[in-house]
Amino acid sequence: MNGVDLFLLGRTLMKIGEEALPTEGLGEQPANARTVLIVVSDVRAHPGSAVGEIASRTGLPQSAVSAAIARLREAGAVITEPDPRDRRRLLIRPAPQISDRVGQVRATSIDAALAKALDTTDPQQVAEVTTLLEKLARHLAPQALTRLRD
């Protein structure tokens, strides 16, 4: 495997993940799932950040970060509070407790999306690939991105 193969695999896995996310009951959303997940992972890694700081770290436009934060607040995944040093800025933190919506997203199985991507109805094949993905995820936690940026 080379860098191109790895990049394409990552892109495929990202699309499978997006397919697996539950969307029922959300209606029209101004921020797409990928943006929301990028923002929430940044907020978890850097609690107490402002929108501009998240935008700088992620490379997303501030408007996209703001839309994602609004969606995450609505879902109960983050809280915002005025910056005590500059009351014009809002600081974003992960919510202290998991909301029903976040719990639903975390509990949703990837099996259907993975089976579709694998073009199989064989539950054993899906289970084998899921096990490999879980092992990979244990070795490459989101903190790996921070090490790459250093």
Could you tell me the separation between the [atom1] atom of [X] and the [atom2] atom of [Y], rounded to the nearest 0.5 Å?
X	Y	atom1	atom2	result
Asp42	Arg44	CG	CZ	12.0 Å
Arg106	Ile98	CZ	CD1	4.0 Å
Ile54	Ile92	CD1	CD1	4.0 Å
Met1	Leu8	CE	CG	9.0 Å
Leu136	Leu13	CG	CG	7.5 Å

Is the shortest side-chain heavy-atom distance between [X] and [Y] below 4.5 Å?
X	Y	result
Val78	Pro94	no
Val126	Asp122	no
Leu114	Val129	yes
Arg34	Lys15	yes
Glu128	Thr131	no

Please find the pair of heavy atoms, one from [X] and one from [Y], that lie closest to each other, and give the distance.
X	Y	answer
Glu19	Ala113	CG-CB, 3.7 Å
Asn2	Val4	OD1-N, 2.9 Å
Ser99	Ala77	OG-N, 4.4 Å
Ala55	Gln62	CB-CG, 3.7 Å
Thr108	Gln104	OG1-O, 2.7 Å
Thr130	Ile110	OG1-CD1, 4.2 Å

**Asked** If only atom types and distance count, is the side chain of Glu53 paired as donor or acceptor with the main-chain N or O of Ala50 below 3.5 Å?
**Response** yes

**Message:** For Lys116, is there any backbone N or O sitting under 3.5 Å from a side-chain donor or acceptor partner on Thr120?
**Reply:**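 No.
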
**Request:** Any chance you could lay out the side-chain contact (heavy atoms from CB on, under 4.5 Å) test for Arg73 and Thr80, step after step, and finish with the verdict?
**Result:** CA-CA 8 Å; Arg73 268 191 16 208; Thr80 59; 3.4 Å; yes

Would you kindly confirm whether [X] and [Y] end up in one hydrophobic cluster when ILVMFWY residues are joined by side chain heavy atoms under 4.5 Å apart?
X	Y	answer
Leu91	Val43	no
Ile79	Val36	no
Ile16	Leu133	yes
Val39	Leu21	yes
Leu90	Val65	no

**Prompt:** Between Arg71 and Glu74, does at least one N-O distance fall below 4.0 Å, as a salt bridge requires?
**Reply:** no

**Name of the residue among Val40, Thr58, Leu60 meeting side chain to side chain contact (heavy atoms under 4.5 Å, CB included) with Thr35** = Leu60

**Message:** For Ser49 and Arg57, which I'm curious about, is there any donor-acceptor pair between the side chains at under 3.5 Å?
**Reply:**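 There is such a pair between these side chains.
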
**Prompt:** Has Asp5 got more than 12 heavy atoms of other residues, nucleotides or ligands less than 6.0 Å from its CG?
**Reply:**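 Yes, enclosed.
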
